[in-house]
Amino acid sequence: MPVPEKPALEGLEDALSAKWERDGTYRFDRSKPRDQIYSIDTPPPTVSGSLHVGHVFSYTHTDIVARFQRMRGKEVFYPMGWDDNGLPTERRVQNYFGVRCDPSLPYDPSFVAPEKPEKQPISVSRPNFIELCVKLTVEDEKVFEHLWRYLGLSVDWSMTYATIAPPAQRVSQMMFLRLLQKKLAYQVEAPTLWDVDFRTAVAQAELEDREQPGAYHRIHFAKRDPSTSLGTGGSGFVAIETTRPELIPACVALVAHPDDARYQPLFGTEVVTPIFGVRVPVLAHALADPEKGSGIAMICTFGDTTDVVWWRELKLPVRAIVQPNGTLGRVTWGAQGWETIDAARAQQAYDQLAGLSAKKAQARIVELLRESGDLQGEPKPITHNVKFYEKGDRPLEIITSRQWFIKTIDHRDQFIQRGREIAWHPEYMQARYENWVNGLNGDWCVSRQRFFGVPFPVWYPLRADGTTDHSQPLVPAESRLPLDPSTDVPDGYRADQRGKPGGFIADPDVMDTWATSSVSPQLVSQWETDADIFARTFPMDLRPQAHDIIRTWLFSSVVRAHFENQSVPWTHAAISGWVLDPDRKKMSKSKGNVVTPLGLLQEYGSDGVRYWAARGGPGVDTAFDVGQMKIGRKLAMKVLNVSKFVLAGEQPAGAVTEALDRGMLQNLAGLVDDATAELEDYEYAKALAKVESFFWDFCDNYVEAAKSRRYGDFGVEAAASASTAMRLALSVLLRLLAPYLSFVCEEVWSWSNTDSVHRSAWPTRAELIAVSGTDHAAQRSVFHLTEALNAIRKAKTDQKVSVGTPVKEVIYVAGDDAARSLALVERDLKAACRADGLVLKAGEPRVEITLKPAGV
RNA sequence: GGGCGGUUAGCUCAGUUGGUAGAGCACCGGCUUUACACGCCGGCUGUCACAGGUUCGAGCCCUGUACCGCCCACCA
């Protein structure tokens, strides 16, 4: 392809991404042996959101690494996934189609969603619901793919996966069943963190703290003399302070520190809860903090995670009042129900709370306590941190329910050990991982009471009385996976036995999002699907991801690979930073400062945006800065223009004989070494800085100095030396820049090559030295020429003439070494400063310029 | 309360094993120069967060402090 007259960046993205697709430039060749393959476990973006500039930032980093590895001779295994699984998608589908999922319904193959959502949501089976999810997300995925192609990700687009699609479900279910078989997964009925709006359990990893207003309520519990009968005994009161007075009916004990002299006399005695008249013990536990509140705490089932610890360790009973929907449930007090010393009063009071949300119940009970005189003083407002589900709107409750868990606590040391087998980029991210593993305080709860997710492939037998026997789950053969237990039938049963005594019932839950996404390495590597690919790609080479999900995605992936494959899932983890807005805050939609990525790519060019992203090193939070994108665009423009100069026109061929040319090529060999070493170490930003700096120097100094010679001013051989050296240097520089400025480099490469620059060999020192030879004197002459040029340009500028102004004479006096060195490149220097005469002398440094007489 | 990172020019950031503080942008000035005005040349800009210490010498090493960010904690 000839060099265009007026080269331009516009349109390269569309033209070249189409060409790459046609040519299969990034198609994975599965015939390569493992040691020639570089496999990447790409994060699947959530499709029900939209891609933002943070995605562009981090996915570019991965692409740079992929392109470098490919040019180094590795066959890059680079699939792309879509995370269409989980709550955000589910919510959107509900609203979009006006449906609700009812897992108890059978699949209806003829179901068609209404054009417009009806007022009253339509109930559909889980398989129907999932069909709608898939239908909606397919459109999102097209938009995402277009953006990624436009950005220039060198993904093999024939290898995409969706986290809700059958292959992903199959791997998730199969790996779950194997954990179950090894007793590494288990289910138990236990207090679990619960979101009352989503009505699902959530995991420790999905929590976040939020500052909330609250108030300390100082409340009297009557001391009770055990020697008297049922009365309160009248021997005084104990005051506790609580932020959750509505949980008083759920109180099961008071607890204070064993060394706390104030409460030591009470240990082993009982007190009576206000209003409800429940006798509860006063106990000692080291977790109680004498400094907090009154130093004695009310234990409820369950107000917070500390309550759970106390409840478990002190073997207390359960009095649960908060229901899964966040309201207080009905309770019968007295003989048939909960024990109390005054059933009538307890019932009368509690009936005013039942059915209310926790918040409303609190307001009501405060009134009741005030009336009864058990509230001491007024509530004291405070702000405190409260646990929320990261996607939730109301504080988490702790509710007892049956959930699936994967064992983690007993294996912490092994997970730490696996972490040490991974090379972290940057290294300090490993500390965050270990910090998290060491801080684990419970096994990983993997079940969610949702619909759009991977179902647990499990059923339970129903006893003759119709109750469920959870102790004997029915599991399918692996060959039946994936399946949906709400529609599929366990072996040995008939469909009409579903829900009948003596029949079976499906496990209603789905796996949490990290339980399914944590198997992405096995999924993309075709574990248990294609043993050949798996052997060639697993353990994978790279997991790129953001630092905020080390505790979730990264950790859970290590857990799964450790249990299933007895290995790490990958050998490198590249952790990218965040994009910060100008206020140094993480860019987010809620702040209204998110710019649409496609608009940016169109305005600054994909290469410009890639350049900005590439400057943010591994793990480094980086400011959103269109200024850097403009600079990237200018760099791309410069590549275009200097390439036009180097490649255009007929040029003599021949050996590189001139000192300037040889020195430049040797310096370039040094650059190749440096950039290669940095990139091998995942330091793509440092490599770019070095290449960029060399490139500008090449343009401004070398090309300027060699230009006149290349035009033939000093004969054909001298011109051939310049031409050959320039072409080689350009070829090397294009290859060094190709991972970053993927479009412009490909465009320019096509002017003198038939293959793709992205499939060309990474440059080496050897190919340069073979042409330039090694000659330190030549290298020094390049250095001194640049210095001389700068000094002479300054002198011209001082005289207010243009650098291109021809002058009569230039006298350049410099040190011995410089003078000797410059003699090697005297012709080039003289031509570059447009002087009729050039005098080089050794001595005290000085530049003297004699202008031509005016009018000549 | 614990852990990890950061603090360098107006802005965005580099600063290798300690050896006279750098780049780009912005700003100012000069250039129609036959690859490029999406360009070229030049100039200005710093108590390297603060306080101690080690050293002939500290942006870099050590101790402490402050502020910013992230992660974690048994937040009654």
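Chain identifiers are assigned alphabetically (A, B, ...) following the order of the sequence lines, protein sequences preceding nucleic acid strands; residue numbering begins at 1 within each chain. FYI, side chains are in, hydrogens and waters are out, and symmetry mates aren't considered; it's all heavy atoms of this structure.
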Worksheet item: CG of A:D374 to CZ of A:F221: how many Å apart, nearest 0.5 Å?
Response: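 With rounding to 0.5 Å, CG (A:D374) is 9.0 Å from CZ (A:F221).
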In whole angstrom, give the distance that lies between atom [atom1] of [X] and atom [atom2] of [N].
| X | N | atom1 | atom2 | value |
| --- | --- | --- | --- | --- |
| A:H425 | B:rC4 | NE2 | P | 21 Å |
| A:H547 | B:rC72 | NE2 | P | 12 Å |
| A:R834 | B:rC31 | CZ | C1' | 12 Å |
| A:E704 | B:rC40 | CD | P | 9 Å |
| A:R710 | B:rU34 | CZ | C1' | 12 Å |
| A:I849 | B:rC41 | CD1 | C1' | 12 Å |
| A:K380 | B:rA76 | NZ | P | 12 Å |
| A:L580 | B:rG6 | CG | P | 14 Å |

NA contact type, [X], heavy-atom cut-off 4.0 Å: base, sugar-phosphate, or nothing?
| X | value |
| --- | --- |
| A:K707 | base |
| A:K387 | base |
| A:D289 | base |
| A:S802 | base |
| A:A288 | base |

OP1 or OP2 of [N] under 4.0 Å from side-chain N/O of [X]:
| X | N | result |
| --- | --- | --- |
| A:H384 | B:rA76 | yes |
| A:K634 | B:rC25 | yes |
| A:K794 | B:rG30 | no |
| A:N441 | B:rC74 | yes |
| A:T797 | B:rC31 | no |

Discussion item. Nearest heavy atom decides the nucleotide; on that basis, is A:F645 or A:E241 closer to the 5' end of RNA chain B?
Written reply: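 Its nearest nucleotide being more 5', the pick is A:F645.
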Item to complete: Between A:N435 and A:G627, just flag the one whose closest nucleotide in RNA chain B comes earlier from the 5' side.
Response: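 Closest to the 5' end, via its nearest nucleotide, is A:N435.
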Fill in: Watson-Crick and G-U pairing of RNA chain B written in dot-bracket, each distance under 3.5 angstrom, with | for inter-strand partners
(((((((..((((.....[..)))).(((((.......))))).....(((((..]....))))))))))))....
Could you check which of [options] has an atom nearest any side-chain atom of [X]?
| X | options | answer |
| --- | --- | --- |
| A:D304 | B:rA76, B:rC74, B:rU33 | B:rA76 |
| A:Y428 | B:rG5, B:rU33, B:rC74 | B:rG5 |
| A:W578 | B:rG30, B:rG15, B:rC70 | B:rC70 |
| A:R551 | B:rU12, B:rC72, B:rU33 | B:rC72 |

Please state the [atom1] separation for the pair [N] and [M] - nearest whole angstrom.
| N | M | atom1 | answer |
| --- | --- | --- | --- |
| B:rU16 | B:rG1 | C1' | 37 Å |
| B:rC60 | B:rG53 | C1' | 15 Å |
| B:rG5 | B:rA76 | P | 31 Å |
| B:rG6 | B:rC41 | C1' | 37 Å |
| B:rG18 | B:rG57 | P | 15 Å |
| B:rC74 | B:rC13 | C1' | 42 Å |
| B:rC36 | B:rA23 | P | 28 Å |
| B:rA66 | B:rA49 | C1' | 8 Å |

Give a yes or no answer on whether the side chain of [X] reaches the backbone of [Y] with a donor-acceptor pair at less than 3.5 Å.
| X | Y | value |
| --- | --- | --- |
| A:H547 | A:S576 | no |
| A:E13 | A:S606 | yes |
| A:S643 | A:V639 | yes |
| A:W311 | A:L316 | yes |

Worksheet item: Thinking salt bridges, do A:D836 and A:K852 make one under a 4.0 Å N-O criterion?
Response: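 Salt bridge present between A:D836 and A:K852.
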Item to complete: Quick one: list whatever passes side chain to side chain donor-acceptor pair (under 3.5 Å) with A:K707, sequence neighbours left out.
Response: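 Testing A:K707 for side chain to side chain donor-acceptor pair (under 3.5 Å), a comparison that skips the adjacent residues, returns A:E704.
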Worksheet item: Who passes side chain to side chain donor-acceptor pair (under 3.5 Å) against A:R218, sequence neighbours left out?
Response: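 Checked A:R218 against side chain to side chain donor-acceptor pair (under 3.5 Å); matches are A:E241, A:Q376.
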Worksheet item: If you count the non-hydrogen atoms of other residues, nucleotides and ligands that lie under 6.0 Å from CD in A:E680, is the total more than 12?
Response: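 Atom CD in A:E680 is packed in, count exceeds 12.
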Discussion item. Aromatic contact between A:W194 and A:Y389, with the criterion being ring centroids under 6.0 Å apart: yes or no?
Written reply: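 Not under 6.0 Å, so no.
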Item to complete: With a 4.0 Å heavy-atom cut-off, tell me which residues in residues 637-644 of chain A come close to RNA chain B, sorted by residue number.
Response: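 Of all residues in residues 637-644 of chain A, the ones placing a heavy atom under 4.0 Å from RNA chain B are A:M637, A:K638, A:N641, A:V642, A:K644.
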Discussion item. For RNA chain B, which residues of residues 687-702 of chain A approach it to below 4.0 angstrom with any heavy atom?
Written reply: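 The stretch gives A:W696, A:C699, A:D700 as the residues lying under 4.0 Å from the strand, ordered by number.
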Worksheet item: Using the ring of each side chain (for Trp, its six-membered ring), is A:F555 parallel, tilted or perpendicular to A:W436, with breaks at 30° and 60°?
Response: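 Perpendicular: the ring planes of A:F555 and A:W436 meet at over 60°.
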Worksheet item: Is the charged tip of A:R420 near the ring of A:Y433: under 6.0 Å from the six-membered ring centre and within 45° of its axis?
Response: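 Output no; distance or angle outside limits.
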Worksheet item: On the ring face of A:W514, is A:R551 found with NZ or CZ under 6.0 Å from the centre and within 45° of the axis?
Response: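 No, A:R551 and A:W514 do not form such a contact.
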Fill in: Closest approach of A:R709 to A:D828 (non-hydrogen atoms, all atoms of both residues)
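Taking A:R709 first and A:D828 second, the nearest heavy atoms are NE-OD1, 2.8 Å.
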Residues 687-699 of chain A side chain polar contacts: donor-acceptor under 3.5 Å, at least two apart:
unit_1	atom_1	unit_2	atom_2	d
A:K690	NZ	A:E678	OE2	3.0
A:E692	OE1	A:Y611	OH	3.1
A:E692	OE2	A:Y611	OH	2.7
A:D697	OD1	A:N701	ND2	2.7

